Amino acid sequence: MTNREVAELLRQIAELLEIKGEIVYKSLAYRRAADNIEALGRDIVEVWREGKLRTIPGIGEALAKKLDELFRSGHMEYYERLLEEIPPTLPSLLAIPGVGPKTANLLWRQLGLLTVADVERAARAGQLRDLPGLGVRSEERILEGIESLYRRSERIPLGTAWPIAQELIAALREAVPAVHLETAGSLRRMRDTVGDIDLLAAAEDTEQVAKAFAALPQVAQVLGQGATKASVRLQNGLQVDLRVVETRYWGSALQYFTGSQAHNISLRELAQKQGLSLSEYGYKRGDEEIPCATEEQVYRLLGLEWIPPELREDRGEIEAAQQGQLPHLVAFGDLRGDLHVHSRWSDGASSLEEMVQAAVERGYDYVAVSDHTESLAIANGKNWEGFQEQRREIAQLQARFPQIRILQGAEVEIKADGSLDFPGEMLAQLDIVIASIHSGLRQEEAQITARVIKAMRNPHVDILGHPSGRILGQREASAVNLDQVIQAAAESGTILEINSIPDRLDLDDVYIRQALRKGVKLAINSDAHSTSGLDAVRYGVATARRGWARAEDIVNTMPLEELLTLLLARRG
DNA sequence: GCCGTTTTCGGCCCGACTGTTTTCAGTCG
């Protein structure tokens, strides 16, 4: 079972327990355990085999026992018993905005409703208004909730949301004076996908800002607007929430609205131990109010360093901040080159010269052109002859662009049996070799893992490209066991790629962190297929930061000579 | 169900909003 599957099971149990009416802390415990399993970065079944389940935060005696039964037998009796008590479809009602566990229970017990369609039918027939605690308004609200559920859009990739948010911020700045204006929520934490766009402003006249926001030309529909907030839907369907606070609350509010929720809960628990209560309005000690104008103040009052938003997921950052052990995270400006770009030689839209020119404009010291190889015919992959021809063009360009070093690379296909498109003596003539999988992604775990590791052990392979193969919103990661891939990388010295294409972001934050724990080196690559694609590294850097990466963990922050020495050493 | 520089038992985050309520329960982020 994958970590995600185990986490999903625990979350289902949490929902069933809520509907059943168990004390809320029990379901909270299941959710916390689920979150921590998902953020583990290693195979939970492995942890179980080592007998170390209890070392995972949030897993105590009872959960360890249940998971042990699950991994041993494939069943969890507790879960199966719950499903006999509570109809399995009932948790689906919780997806209706406005319907929580109490209402779901009520709808089931009183009217026998089991699905969203059941609820819709009953609501339209006017059967909900007479239930205890509900009325006509509730019935309407539930119907509205069902309609919005049908319309509900998927989470959107960071790479889609981020530029839109920047554009809105610029437009709002133009329209109205605000002292502060920033993104908040999962967008500020740079999660790989976001549910909506959250913006936060501080101003003297809060209502003026909310009004100006609702009146922006990008806005298609105003969902709600008051003195301190506005919710809108954009022309492109995205929902954006803006909140406006007084300047003296800026720090407290920005901290609060950035989240994550788990991070905030842990922070408030810490505050509580120190006799303080923390909210978006700052601290309270008894009747004394302590608003914070900066985020630094929020953290400092608890004895913490300021925590970068990308780390705020309650994955140990608070403890690290307490001890002054937060990592100095890699930054955009640390990158000295890009090791994975394409050109018109394979499936790129820009010429080699245009790509080199664009890399120069970005201030890079080096760029590796890594076009596809022959068996990826769909991407116009080139044979060895093609690469030799390309080398002559690179030599000519190099003479014209002395300010940047142009490396010849290749994105070599890992074939179904783990062999590569080119033999060793050819690969040895390239400056850098990225090995990637683009086909046979459905192989089962053992096969695809062995295939990838075989390629990694090839001394001519420098980098493993987009290791999981996921495409956000379209394709799940392959079955490859990243635990074993990371272990193999640690042993062979293979560099793992953080592919920056917005719907890849692969490796993801969780496995980046695990790779770093094992001392594996990473490369933040754009995988650009046109000149503008080079800027995607912004998202790769953000993902690296979410994985706690420092500049020294990323090979393309190195000066050219150092990088070349590293590559040579690896090839022996 | 978890967990311990106040605890191995008794706690477990905070505030806003809404609707159904005469003081609060449920939901949400």
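Here the structure is a predicted model, which means the values were calculated and not measured. Labels below follow one simple rule: chain letters A, B, ... track the order of the sequence lines, proteins then strands, and each chain is numbered from 1.
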Between [M] and [N] - [atom1] atom distance, rounded Å:
N      : M      : atom1 : result
B:dC12 : B:dT8  : P     : 16 Å
B:dT20 : B:dC28 : P     : 16 Å
B:dC17 : B:dG11 : P     : 31 Å
B:dG10 : B:dG15 : C1'   : 25 Å
B:dC9  : B:dC14 : C1'   : 25 Å

Starting at [atom1] of [X] and ending at [atom2] of [N], how long is that distance when rounded to a whole Å?
X        : N      : atom1 : atom2 : answer
A:Tyr30  : B:dG1  : OH    : P     : 4 Å
A:Glu319 : B:dC3  : CD    : C1'   : 14 Å
A:Leu267 : B:dC12 : CG    : P     : 17 Å
A:Leu10  : B:dC2  : CG    : C1'   : 14 Å
A:Gln255 : B:dC14 : CD    : C1'   : 12 Å
A:Leu17  : B:dG1  : CG    : P     : 8 Å
A:Leu63  : B:dC2  : CG    : P     : 4 Å
A:Ile56  : B:dG1  : CD1   : C1'   : 15 Å

Touch class at under 4.0 angstrom, heavy-atom based, for [X] against every strand present:
X        : answer
A:Ile265 : base
A:Leu278 : sugar-phosphate
A:Tyr283 : nothing
A:Lys66  : sugar-phosphate
A:Glu61  : sugar-phosphate
A:Ile23  : base

Testing the 3.5 Å rule here: is there a donor-acceptor pair between the side chains of [X] and [Y]?
X        : Y        : answer
A:Asn264 : A:Gln255 : yes
A:His75  : A:Glu80  : yes
A:Glu445 : A:Asn481 : yes

Measuring from atom CD1 of A:Ile498 to atom NE2 of A:His466, what distance do you get when rounded to the nearest 0.5 angstrom?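 Going from CD1 on A:Ile498 over to NE2 on A:His466, the span is 14.0 Å.
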
How does protein contact run along nucleotides 4-10 of chain B, one letter per nucleotide 5' to 3', with B for base contact, S for sugar-phosphate only, - for none, heavy atoms under 4.0 Å? -------

Would you mind building the protein contact string for nucleotides 24-29 of chain B? One character per nucleotide, 5' to 3', B for base within reach (heavy atoms under 4.0 Å), S for sugar-phosphate only, - for untouched. --SSSB

Walk me through whether A:Glu288 and A:Lys284 qualify under salt bridge (Lys or Arg N to Asp or Glu O under 4.0 Å). CA-CA 6 Å; A:Glu288 181 199 6; A:Lys284 266 193 244 172; over 6 Å; no

Is the CD atom of A:Glu204 crowded by more than 12 outside heavy atoms at less than 6.0 Å?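 No, the 6.0 Å shell around CD holds no more than 12 heavy atoms from other groups.
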
Listed nucleotide nearest any side-chain atom of [X], set [options]:
X        : options               : answer
A:Lys284 : B:dG1, B:dG19, B:dG15 : B:dG15
A:Arg137 : B:dG19, B:dC14, B:dC2 : B:dG19
A:Ser277 : B:dG1, B:dT20, B:dG15 : B:dG15
A:Ser138 : B:dC12, B:dG1, B:dG19 : B:dG19

Out of A:His263, A:Arg189, A:Arg191, A:Gln261, which residue meets the side-chain hydrogen bond (donor to acceptor under 3.5 Å, both in side chains) rule with A:Glu313?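 Answer to the side-chain hydrogen bond (donor to acceptor under 3.5 Å, both in side chains) test with A:Glu313 among A:His263, A:Arg189, A:Arg191, A:Gln261: A:Arg189.
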
Give a yes/no answer on whether the side chain of A:Tyr249 brings an N or O atom under 4.0 Å of OP1 or OP2 in B:dG15.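 For B:dG15, neither OP1 nor OP2 has a side-chain N or O of A:Tyr249 closer than 4.0 Å.
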
Validate the cation-pi geometry between A:Arg538 and A:Phe332: distance from NZ or CZ to the six-membered ring centre under 6.0 Å, angle to the ring axis within 45°.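 Output yes; distance and angle both within limits.
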
Salt bridge or not between A:Glu38 and A:Arg11? Use side-chain N to carboxylate O under 4.0 Å.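 Counted as a salt bridge, because a side-chain N and a carboxylate O are separated by less than 4.0 Å.
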
Electrostatic pair A:Arg188:A:Glu295 at N-O distance under 4.0 angstrom: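 A salt bridge is present here (some side-chain N lies under 4.0 Å from a carboxylate O).
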
Would you say that [X] contacts [Y] through its side chain, given a criterion of any heavy-atom pair below 4.5 Å between the two side chains?
X        : Y        : answer
A:Leu270 : A:Leu304 : yes
A:Ser468 : A:Tyr511 : no
A:Glu476 : A:Arg4   : yes

Give a yes or no on whether the backbone of A:Ala39 and the side-chain of A:Arg315 come within a donor-acceptor separation of less than 3.5 Å.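 Flag not set: sc A:Arg315 to bb A:Ala39 has no pair under 3.5 Å.
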
B:dC17 - base-pair partner by Watson-Crick or wobble geometry, distances under 3.5 Å: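 Partner of B:dC17: B:dG26.
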
Please figure out whether A:Ile59 or A:Leu28 has its closest DNA chain B nucleotide nearer the 5' end.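 Between the two, 5'-proximity favours A:Ile59.
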
Does anything in residues 286-306 of chain A come within less than 4.0 Å of DNA chain B? Heavy atoms only, and list the residues if so.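 Going residue by residue through residues 286-306 of chain A, none turns out to have a heavy atom under 4.0 Å of DNA chain B.
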
